[in-house]
Amino acid sequence: MELESQWWKGQLAEDIYHALRYKELKLLAYKGQSPQLSLRRYFADLIAIVSNRFRLCPTARHLAVYLLDLFMDRYDVSVQQLHVAALSCLLLASKFEEREDRVPKLETLNCLGCMSAMNLVLTKQNLLNMELLLLETFQWNLYLPTPAHFIEYYLSIAVHETDLHDGWPLTSLEKTGLYMAKYADYFLEVSLQDHIFLNFAPSLVAASCVAASRIVLRLSPTWPSRLQRLTAYLWEHLSACVERLLMAHDGDVKEAGKQKCQQQNPPVVSAVFHGPGPVSAVPAVPQYLHGATLQYPQQNCQPLLASAHGPSSYMSQTSLQAGTQPHGHLQHIPASLETKVSMPFNRGYQVNAHYKCSSPCFDR
């Protein structure tokens, strides 16, 4: 979306915000029916790697992942073509969201280390064919709001001098605002990692990122009236999404603590093997929510695992179709994509690699 820089501070902020809220009502439905759904996290990470390498704005990254999600939801795409599709989504999103001089060039893209690691070479014709198919799939409409389009508007009033930290007045509003922005950005990245968040409206996910940040930073009230009025969401609307974000945060904190302990205390060989024990697929509900019992709405998606950022078996499907078959009456992908692709597992991007937060505390 070609919005002016820092639109949330301008005189037209409210009008732009209402236009975004109206547009999100017409977003295409996501069904989570892709045969390659187990590969989704891998390609979301690939988009994040390339996006970070070119320092693209968050809205471009989020739009690219959203385009890929909708595309995969409608097509049975081979692994080779998914690489081309993911990078084409990022190029289209950057053309729509970024300045022209910041859009990645094909030559530079092919020189990236991650491209060499995947033995992937893109050609101009490959990208043109895929971009044309993507545009026709979305009827040439890329005006698709994502949580990243709403977050700055909400952050503009996310912290106020009347807020309390652990029951005490804030001594530094500016410092608290910086922490709030960092955590909100972290939770935005968390929302990219699991397709379950596509069951919530983008504006609701953005509001939930702010609410989760306030909880982790121990600001009260958790969801003040000013944010209720601005977002038009009550706490009851946000609770399910906030809980999922906090569960992912808990998983990241535990994983960071585990890695730190392993670095300080290398494991003894004799202690490596342990007897079998019970394994829980879903972690305990975090205690952020003051003992409130929250009910999840019924979702037609896979259950949330113990850690949203743990290792996943991206290649669990032993056979992927070589061609591309649409689920509905959509156009067929051209079969002649001259790419050389292998699928090494390279976790070059993880949320907790950028946000190692061992404690939610901060100095007032």
Side-chain angles (χ1 to χ4, degrees), residues 1-32 56-71 73-74 89-90 92-99 134-158 181 184-185 187-189 191-192 195-213 223-242 244-245 297 299-301 328 330:
M1 245 161 290
E2 297 180 359
L3 303 179
E4 66 172 305
S5 178
Q6 297 187 340
W7 63 269
W8 55 91
K9 296 181 180 180
Q11 296 180 352
L12 298 178
E14 186 176 356
D15 292 335
I16 295 175
Y17 170 68
H18 287 303
L20 290 171
R21 289 294 296 265
Y22 176 76
K23 185 62 180 179
E24 76 174 349
L25 297 175
K26 300 184 177 182
L27 290 176
L28 298 174
Y30 177 77
K31 300 179 180 179
L56 300 179
C57 62
T59 52
R61 179 166 64 254
H62 279 254
L63 178 58
V65 175
Y66 184 57
L67 292 176
L68 181 64
D69 280 327
L70 293 178
F71 182 74
D73 204 37
R74 286 158 174 77
C89 287
L90 182 60
L92 279 179
S94 61
K95 291 174 183 177
F96 193 72
E97 297 288 348
E98 285 282 8
R99 302 192 310 267
L134 287 167
L135 289 171
E136 291 179 349
T137 299
F138 302 116
Q139 299 180 348
W140 294 77
N141 175 32
L142 299 183
Y143 182 34
L144 305 172
T146 70
H149 291 98
F150 293 96
I151 194 68
E152 294 291 352
Y153 187 68
Y154 295 161
L155 283 176
S156 63
I157 64 166
D185 183 56
F187 282 116
L188 266 184
E189 298 307 306
S191 70
L192 280 182
H195 67 278
I196 193 69
F197 291 101
L198 291 170
N199 288 277
F200 304 102
S203 59
L204 188 145
V205 174
S208 298
C209 289
V210 173
S213 300
W223 192 241
S225 58
R226 66 178 186 276
L227 283 169
Q228 293 181 25
R229 290 192 298 269
L230 183 69
T231 65
Y233 288 122
L234 301 176
W235 173 253
E236 291 75 17
H237 301 140
L238 307 179
S239 58
C241 186
V242 169
R244 292 185 180 276
L245 291 171
Q299 308 285 0
N300 296 323
C301 297
L330 298 179

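These values consider heavy atoms only, across backbone and side chains, with no hydrogens, waters or symmetry-generated copies.
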I'd like to know whether Tyr66 forms a side chain to side chain contact (heavy atoms under 4.5 Å, CB included) with Leu27, so could you lay out the CA-CA distance, the side-chain angles of the two residues, the decisive distance to 0.1 Å, and finally the verdict. CA-CA 11 Å; Tyr66 184 57; Leu27 290 176; 3.6 Å; yes
Please lay out, stage by stage, how Tyr233 and Ser208 fare under the test side chain to side chain donor-acceptor pair (under 3.5 Å). CA-CA 10 Å; Tyr233 288 122; Ser208 298; over 6 Å; no
Is there a donor-acceptor contact under 3.5 Å from the side chain of Ser191 to the main chain of Phe197? no
Where Ala184 and Ser213 come nearest, the two heavy atoms and their spacing: N-OG, 3.2 Å
Go through the steps for Ser203 and Leu20 under the test side chain to side chain contact (heavy atoms under 4.5 Å, CB included), then give the verdict. CA-CA 9 Å; Ser203 59; Leu20 290 171; over 6 Å; no
Side chain proximity check, Thr231 to Leu238, heavy atoms < 4.5 angstrom: no
Rounded to the nearest 0.5 angstrom, the CG-NZ distance for Leu90 and Lys95 is 10.5 Å
If I compare all heavy atoms of Cys57 with all of Glu97, which pair ends up nearest, and what's the gap? SG-CB, 4.0 Å
Supply the atom-to-atom distance Leu198 CG to Leu192 CG, rounded to the nearest 0.5 angstrom. 9.0 Å
Rounded to the nearest 0.5 angstrom, the CD1-OG1 distance for Ile151 and Thr146 is 10.0 Å
Considering residues at least two apart in sequence or located in another chain, which fulfil the side chain to side chain contact (heavy atoms under 4.5 Å, CB included) criterion with Leu227? Ile157, Val210, Arg214, Trp223, Pro224
Give, for atom CG of Leu144 and atom CG of Leu67, the distance between the pair rounded to the nearest 0.5 Å. 6.0 Å
Side chain to side chain donor-acceptor pair (under 3.5 Å) partners of Glu98, counting only residues at least two apart: Arg102
Quick one: does any side-chain atom of Asn141 pair with a main-chain N or O of Phe138 as donor and acceptor, under 3.5 Å? no
Pairwise side-chain contact, Arg74 with Leu70, heavy-atom cut-off 4.5 Å (strictly under): yes
Does His18 use its side chain to pair, donor to acceptor, with the backbone of Asp15 at less than 3.5 Å? no
Arg229: which residues meet the salt bridge (charged side-chain N to carboxylate O under 4.0 Å, His left out) condition with it, sequence neighbours left out? none
Which heavy atom in Leu155 sits nearest to a heavy atom in Ala181, and how many Å separate them? CD1-CA, 4.3 Å
Give, for atom CG of Asp73 and atom CG of Leu28, the distance between the pair rounded to the nearest 0.5 Å. 9.5 Å
Is it the case that His62 and Thr59 place a side-chain donor and acceptor less than 3.5 Å from each other? no
So, for Ala93 and Ala60, which heavy atoms are closest and what is the spacing to 0.1 Å? CB-O, 3.3 Å
Anything under 30° is parallel, anything over 60° is perpendicular, the rest tilted; go ahead and classify Phe150 against Tyr17. perpendicular
Assess whether side chain to side chain contact (heavy atoms under 4.5 Å, CB included) is satisfied between Leu142 and Leu135, documenting all intermediate values. CA-CA 8 Å; Leu142 299 183; Leu135 289 171; 4.1 Å; yes
Nearest non-hydrogen partners of Pro147 and Leu188, listed with the distance: CB-CD2, 3.6 Å
Working to the nearest 0.5 angstrom, can you tell me the gap between Ser94 OG and Arg99 CZ? 12.5 Å
Looking at Arg226 and Ala158, would you say the former's side chain and the latter's main chain have a donor-acceptor pair under 3.5 Å? yes
